[in-house]
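Not measured: the values here are computed from a predicted model.
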Amino acid sequence: MSLIAAILWVLATTAVAMLPVERHFVPGRILLFIAPFLLVWMGFELGWMAVAFGLFAVGSMYRRPIKYYWTKWRQPTEGPQ
């Protein structure tokens, strides 16, 4: 069942990629934040090799948003001075 969900996730991500740029943000973020749960589910059902391929797919399709969020979360917050 997780493999079917992963295939549907890939098709949904491809459909979002075909939208105009200004309409990417909300569905793209939703799909990006669903990905870890889907990978854990795949890991329980299909094993670590499926998770490795899934991580490669997510990293390939969402490399720029992942980089953006990584740099955003790594920035130090300025406290009171």
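- Scanning both residues, Pro65 and Leu32, for their nearest heavy atoms gives CB-CD2, 4.1 Å.
- Taken together through direct or relayed side-chain contacts under 4.5 Å among Ile, Leu, Val, Met, Phe, Trp and Tyr, Leu11 and Leu3 form part of one hydrophobic cluster.
- Grouping the Ile, Leu, Val, Met, Phe, Trp and Tyr side chains by contacts below 4.5 angstrom, directly or via other members, places Phe37 apart from Met42.
- Contact record, Ser2 with Leu46: OG-CD1, 3.8 Å, taken as the closest heavy-atom pair.
- Note that the OH atom of Tyr68 and the OH atom of Tyr62 stand 16.0 Å from one another [nearest 0.5 Å].
- Taking each heavy atom of Leu38 and Ala6 in turn, the nearest pair found is CD2-CA, 3.6 Å.
- When the side chains of ILVMFWY residues are joined at heavy-atom separations under 4.5 Å, either directly or via intervening members, Ile30 and Val58 end up in a single hydrophobic cluster.
- Among all heavy-atom pairs drawn from Ile66 and Gly59, the shortest one is CD1-CA, 4.2 Å.
- For the pair Trp41 and Met1, the minimum side-chain heavy-atom distance is below 4.5 Å.
- Following chains of ILVMFWY side-chain contacts shorter than 4.5 Å, one can reach Val16 starting from Val26, so the two form part of one hydrophobic cluster.
- Connection of Met61 to Tyr69 is established within a shared hydrophobic cluster, with ILVMFWY side chains joined at heavy-atom distances below 4.5 Å, either directly or through further cluster members.
- The only member of Thr14, Leu39, Ile34 that meets side-chain contact (heavy atoms from CB on, under 4.5 Å) when paired with Trp9 is Ile34.
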